[in-house]
Number of protein chains: 2
Amino acid sequence: MGASIKDVAQRAGVSVTSVSRVLNGEKYVSKALLEKVNRVIEELNYSPSHIARSLKSQKTSIIGIIVPNLTNQFSSTILSNIEETASAKGYNLLVGNIAESLEKELKYLRIFQNMRVDGIIVMHQKFDDRILDFFAGASMPILFSSVKAPSSTYLSVMIDDYQAAFDTTEHLIQTGHVNVAYLGGDLDDITSGLNRYRGFLDAMKKHGLEQDERFVKFGDYKLPSGHRLMEEIIRQDELPTVVFAASDDMAVGALNCALDYGLQVPKDISIVGFDGSRITELVRPAITSMEQPVEELGRKSVDYMHQLIVNPEFTFDSDIILQHRLVVRESSRALM
Amino acid sequence: MGASIKDVAQRAGVSVTSVSRVLNGEKYVSKALLEKVNRVIEELNYSPSHIARSLKSQKTSIIGIIVPNLTNQFSSTILSNIEETASAKGYNLLVGNIAESLEKELKYLRIFQNMRVDGIIVMHQKFDDRILDFFAGASMPILFSSVKAPSSTYLSVMIDDYQAAFDTTEHLIQTGHVNVAYLGGDLDDITSGLNRYRGFLDAMKKHGLEQDERFVKFGDYKLPSGHRLMEEIIRQDELPTVVFAASDDMAVGALNCALDYGLQVPKDISIVGFDGSRITELVRPAITSMEQPVEELGRKSVDYMHQLIVNPEFTFDSDIILQHRLVVRESSRALM
DNA sequence: TTGAAAGCGCTAACAT
DNA sequence: ATGTTAGCGCTTTCAA
């Protein structure tokens with residue numbers, strides 16, 4: 001199809017080496033040659049093949065990224081922030097949307113391997129053995145963004161989910177809530193399932209409160225499950241004063257359910273989410289949420305990935321923990 | 001780093017051709033050779049280089065995609081649907097998030113060119129000359145998804161925005177609305193700016209209604225502009241009975257503004273959006289919206305792109321127009 | 001300052 | 001059924 005470096009060289013009457021030199025802005029090219037070559041490049045609408053360069057240099061400047069679900073607000077926001085830094089640093093993103101399927105994750109990981117991407121960023125959390133094997137045998141650096149890596153061999157850039165859930169719960173208790181409901185995620189899911197739940201539990205314990213079995217329910221982070229679990233709670237004899245959901249989507253589901261049942265939020269019941277995705281600001285009432293620093297998450301993920309790529313000796317002795325921040329909005333109120 | 005086909009060949013004591021044959025599942029390989037080679041492939045954890053294959057075959061099986069904004073619900077939903085079909089068809093997606101910057105769009109287009117992607121899908125709309133020049137000189141097929149192509153040389157897969165806006169407006173009029181407000185987008189933006197506005201206008205005209213200057217305002221499709229324009233409308237002396245926003249984000253902005261001003265929706269005022277993105281179902285009241293068939297949009301975009309890629313003689317004499325559908329939810333009501 | 005030639009990892013035409 | 005070799009488009013010695 002397009003012209004190759006050879007075509008340019010021939011038309012310009014020079015060697016391919018010279019064209020290569022012009023392409024790469026090297027020294028030791030005469031002005032005449034430079035101009036001639038550039039003219040021909042224009043004429044032929046030539047553009048150098050990244051493929052060939054990659055083959056030669058063994059670098060693709062591509063980062064493969066495993067996204068759990070593109071339709072999820074939080075994922076796509078992080079993706080967007082990762083893209084921004086990656087692009088600025090000269091990396092391009094090959095996006096593997098796995099739609100929560102391990103089959104698809106494995107498929108994409110193998111593609112990344114074949115593609116010889118410079119590195120892989122994983123934003124997903126629950127793995128099976130085949131995937132762990134892949135990680136172990138991969139020839140490029142792998143970094144986990146917003147989730148805990150399956151082993152300390154890999155770097156994670158994330159918040160302290162345990163502490164964040166602890167702080168949220170403590171805030172609720174300190175503002176007078178005693179009957180705290182918790183809508184959690186899959187406990188097999190270390191970062192956002194288990195750790196957040198443990199943070200909630202320990203904060204309750206610290207303040208001498210016990211978890212009320214009727215008020216602790218587990219779903220799948222998604223909106224419908226928030227709605228469903230909330231419905232179970234509402235239909236019971238007693239109402240908690242606040243519902244702490246382990247994801248914003250679940251919080252929105254819970255909010256909608258409360259509104260559907262004619263409850264006033266936060267007058268009748270407070271609702272608090274987790275993640276700080278944009279959705280919390282755009283529903284009414286706007287939802288109080290434990291916010292993750294998405295810009296920093298994106299930036300640092302790429303920064304460290306870049307380190308891992310350019311410097312094979314780069315070592316770390318712990319995860320990169322970013323600061324969380326509770327953003328109080330309209331959906332929660334103090335009881336005192 | 002990793003092993004090459006040569007390493008496999010040597011270790012197995014066969015030629016590279018034989019290894020290649022095994023890799024590609026060709027006929028005429030003895031069972032013994034096949035097993036030997038496969039064993040060595042396992043031992044060496046070998047995976048064939050897609051780079052080298054691409055260089056040889058002049059096919060990358062990569063589709064470059066220009067996304068206006070990853071944080072936008074509608075964009076990422078389409079992207080997700082495109083990804084699904086693309087992945088099923090063996091294509092991988094290189095995502096160019098341009099964050100509405102033409103500089104960045106051009107940058108990504110050039111990268112796609114260098115990368116020798118098999119095709120480019122564009123989900124963006126307002127171009128400058130440099131970008132149009134790029135399109136004209138590109139050596140791979142270019143397809144426009146959900147937006148109108150800048151010329152009929154390119155294929156568009158999209159709905160009929162004019163007709164969709166016309167139908168929405170007519171529906172409102174037929175359910176008794178006379179004072180219809182319209183929150184539009186950039187009129188330079190043919191598909192969603194100009195055509196939707198013209199559809200609105202013509203439907204009004206058809207029913208003998210004139211647009212009320214006080215009720216027609218233009219923003220940028222985003223939520224804050226919907227809020228702002230709605231505020232301008234509310235602060236005027238008279239209220240329309242319905243607000244038709246040219247995007248769901250603007251509709252949500254308008255809804256929030258109405259709620260913030262203590263209006264009841266749809267009792268005091270109806271609100272209608274455009275796009276049918278998930279957000280319309282998750283706010284309260286859920287928003288009536290002119291829905292675009294996102295799954296079909298994604299699927300057909302990739303189907304046609306595939307055609308363009310494999311069959312250079314593929315021709316079309318018109319855009320691919322998909323059906324729109326008004327989904328009535330809680331935010332609008334009939335006045336009769 | 002310029003060029004010839006080897007080689008990156010693979011496939012395919014040709015030979016045997 | 002298997003192997004030899006050229007070549008995809010580029011960069012990089014090495015030589016001139």
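Here the structure is a predicted model, which is why all the values come from computation and not from measurement. Every chain is numbered from 1, with letters handed out A, B, ... down the list of sequences.
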Spacing of A:Y28 atom OH relative to C:dG3 atom P, expressed in whole Å: 17 Å
Whole Å only: how far is the CZ atom of A:R11 from the P atom of D:dG9? 17 Å
Would you tell me if any nitrogen or oxygen in the side chain of B:S20 comes within less than 4.0 Å of OP1 or OP2 on C:dT11? yes
B:V29 side chain, from C-beta outward: closest of D:dT11, C:dT2, D:dT2: D:dT2
Identify whether the distance between the nearest side-chain nitrogen and carboxylate oxygen of B:K104 and A:E83 falls below 4.0 Å. yes
Verify whether the ring centers belonging to A:H306 and A:Y91 lie closer than 6.0 Å. yes
Among the nucleotides D:dT2, D:dC10, C:dG9, whichever has the atom closest to the side chain of B:S30 is D:dT2
Round to a whole Å and report the spacing from CD of A:E26 to P of D:dC10. 15 Å
Could you check how far NZ of A:K56 sits from P of D:dG7, rounded to whole Å? 18 Å
For atom CG of A:L34 and atom P of C:dT2, their distance in whole Å: 10 Å
Using whole Å, what does the distance between atom P of nucleotide C:dC10 and atom CG of B:D7 come to? 9 Å
Nearest-Å distance for atom pair NZ/C1', residues B:K59 and D:dC8: 14 Å
Counting heavy atoms from C-beta on, name the nucleotide in D:dT11, C:dT11, C:dC8 closest to the side chain of B:K6. C:dC8
Donor-acceptor pair (no angle test) under 3.5 Å: A:T17 side chain, C:dA4 base: yes
Is any side-chain N or O of B:S15 closer than 4.0 Å to OP1 or OP2 of D:dG3? yes
Base C:dG9 paired with A:R116 side chain (donor-acceptor, <3.5 Å): no
Report the C-alpha distance between A:D161 and A:K148 in whole Å, list the side-chain angles of each, state the deciding distance to 0.1 Å, and finish with yes or no for salt bridge (charged side-chain N to carboxylate O under 4.0 Å, His left out). CA-CA 10 Å; A:D161 285 88; A:K148 177 76 183 157; over 6 Å; no
B:L33 near the nucleic acid: base, sugar-phosphate alone, or nothing, with a heavy-atom cut-off under 4.0 Å? sugar-phosphate
Please tell me whether A:K300 and A:T85 have a donor and an acceptor in their side chains that are separated by less than 3.5 angstrom. no
Which of these nucleotides, C:dC10, D:dT2, C:dA5, is closest to any side-chain atom of B:P48? C:dC10
Please confirm whether the shortest side-chain N or O distance from B:R53 to OP1 or OP2 of C:dT11 is below 4.0 Å. yes
Taking atom C1' of C:dC10 as reference, at what distance in whole Å does atom CG of A:L55 sit? 8 Å
Is a side-chain donor-acceptor pair under 3.5 Å present for A:N69 with A:S75? no
